[in-house]
Number of protein chains: 2
Amino acid sequence: MASIPTATVGRLVTYLRALAELEEEQSEKTSSDELARRAQVSAFQVRKDLAYCGRFGTRGSGYQVAVLVRELRRVLGLTRPWHVAIMGMGRLGQALADYPNFDQYDFLLRGAFDADARKVGMVVGSMTVAHVDALPEAVTRDAIDLAFLTVPAGAAQSAADALIAAGVRGILNFAPTMIDVPDGVRVEPVDFLAGLQRLTFHMGARASEAAVSP
Amino acid sequence: MASIPTATVGRLVTYLRALAELEEEQSEKTSSDELARRAQVSAFQVRKDLAYCGRFGTRGSGYQVAVLVRELRRVLGLTRPWHVAIMGMGRLGQALADYPNFDQYDFLLRGAFDADARKVGMVVGSMTVAHVDALPEAVTRDAIDLAFLTVPAGAAQSAADALIAAGVRGILNFAPTMIDVPDGVRVEPVDFLAGLQRLTFHMGARASEAAVSP
DNA sequence: ATATGTGAATTGATTCACAGCG
DNA sequence: CGCTGTGAATCAATTCACATAT
């Protein structure tokens, strides 16, 4: 049971989604072929990835959907609810506060914070916006595990510092900037501007090629 | 000048951000060490990545910020404005329509579409929401290059099909699902739920380790 | 002297082919 | 026979050491 490659971890999520589809279709069994098609990777890759996590299949027969869902959720740490706070209640923070699909994945929104006093008291979804000063108390009281960081890039580092000081150990960083964190705190970037620029890179390359031909 | 590795392309964006900071600080020159610190990678990595794109530095002296910005923008295809449409004007689509930093990167919002007739006519930011039926005409008229796909997962494939039929060749997919596209069309996922689950994977592993010790 | 650019070495990920088990 | 699980081989990415240019 060596450690699971990071590239594999990234794909487990897509397998879990394919499995959710299969559950909706009342399928009880599936195969590496079918998962591969739905997750847009090779069947080799699916089998190798799943094998990194354990031996969940039956040779000659395939995988049981229910078993695979349970095991992958376990590997991904989705066995208990995670309490989430949103830091920064601009448009994006508000959009996230209203996102309908969190419960389904055992993520529970437990707080909404902003440094701007004018936003305090605003009701968004099921939450009332609180001031950042209330963060340390709230993290302890509501057992907040992780936070969505949805402040402007210039405010990201200080907002992250406040979250970490309050006891948050996981940050999903929506700001288009890197943040420094101490050991024991994990940051995952969600960077749509980076995705946008990867897109123009590939489209630009194609356009140039076309332009080069006579 | 072999092709640039995909991992490198992903990092070029972060170098460009570090360079933007340096420009604001009025720095004219920089080094692989400084860029490495700001982009949170090794200096080896910076030099190798930049060398894939060309020879932009001066040995013994470093890189000129202005030169590097110009060259990286060129490599990433940011030499001309890109016209963008938003497909799906829910909370996320609205948040994106209001995002202030697009012009800075030469992305111009040129259309907002929704399949729901009740949303048509709504004014968001500088745009008025149009019905999906108006898409083909709009893509041609406004020379729309790419689209943000911000519809629910269940509607993502058909919305993507509509975009592609209308002539869009690049899609930034915010829906938590895979979409199938023909050759010549590029999709980049922006998947915050995947990021969230990578976070719980790493945090869950740490928690388990802690729980295992006596 | 100093910091880039690059071949060589190492590490990691993907692909493949097939052994193993139902 | 069918499909998983896995060692071996290929491919890609990262790290390193140093030659090279100013």
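Here is how names work: the chains are called A, B, and so on, in the same order as the sequence lines, proteins then strands, and each is numbered from 1.
Partner of Leu35(B) under the side chain to side chain contact (heavy atoms under 4.5 Å, CB included) criterion, chosen from Asp49(B), Leu68(B), Thr14(B): Leu68(B).
To the nearest angstrom, C1' of dT6(C) lies 15 Å from CZ of Phe56(B). In this structure, CZ of Phe44(B) is placed 14 Å from P of dA3(C), rounded to the nearest angstrom. Between the CG atom of Leu50(A) and the P atom of dT4(D) there is a distance of 9 Å, rounded to whole Å. Atom CZ in Arg11(B) sits roughly 8 Å away from atom P in dT15(D) (whole-Å rounding). Nucleotide dG12(C) holds its P atom 15 Å from the CD1 atom of Ile4(A), rounded to whole Å. In this structure, Glu34(B) places its CD atom 11 Å from P of dT4(C), rounding to the nearest Å. The nearest whole Å value for the distance from the CG atom in Asp33(A) to the C1' atom in dT15(C) is 15 Å. The CG-P distance, from Asp49(A) to dT4(D), rounds to 14 Å in whole Å.
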- Do Arg38(B) and Asp33(B) pass the salt bridge (Lys or Arg N to Asp or Glu O under 4.0 Å) test, and can you show the C-alpha distance, the side-chain angles, and the key distance before you say yes or no? CA-CA 9 Å; Arg38(B) 299 197 186 225; Asp33(B) 258 312; over 6 Å; no
Short heteroatom pairs, N/O only, protein and nucleotides 7-12 of chain D, under 3.5 Å:
residue : atom : partner  : partner atom : Å
dG7(D)  : O6   : Lys48(A) : NZ           : 3.2

Atom pairs, protein N/O to nucleotides 19-22 of chain C N/O, distance under 3.5 Å:
residue : atom : partner  : partner atom : Å
dG20(C) : N3   : Arg59(A) : NH1          : 3.3

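The two residues Val139(A) and Ala166(A) have their closest heavy-atom pair at CG1-O, 3.2 Å. Looking at every heavy atom in both residues, Asp98(A) comes nearest to Arg91(B) through OD2-NE, 3.1 Å. A pairwise comparison of heavy atoms in Ala97(A) and Val124(A) identifies CB-CG1, 3.6 Å as the closest pair.
Checking the phosphate oxygens (OP1, OP2) of dT6(C), a side-chain nitrogen or oxygen of Arg55(B) falls inside 4.0 Å. Distances shorter than 4.0 Å separate none of the side-chain N or O atoms of Ser31(A) from OP1 or OP2 on dC3(D). Checking the phosphate oxygens (OP1, OP2) of dG5(C), a side-chain nitrogen or oxygen of Tyr63(B) falls inside 4.0 Å. Between Gln45(A) and dA13(C) there is no side-chain polar atom (N or O) within less than 4.0 angstrom of OP1 or OP2.
Note on Asp145(B) versus Arg110(B): no salt bridge recorded, every NZ/NE/NH1/NH2 to OD/OE distance being 4.0 Å or above. A salt bridge is defined here as a Lys NZ or Arg NE, NH1 or NH2 lying under 4.0 Å from an Asp or Glu carboxylate O, and Arg73(B) with Glu71(B) fails to meet this definition.
No contact: Thr8(B) has no heavy atom under 4.0 Å from any strand.
For Arg47(B), counting side-chain heavy atoms from C-beta on, the closest listed nucleotide (dT14(D), dA17(D), dG5(D)) is dA17(D).
Separation of the Tyr105(B) and Tyr99(B) ring centroids does not fall under the 6.0 Å cut-off. In this structure, the ring of Phe102(B) has its center less than 6.0 angstrom from the ring center of Phe148(B).
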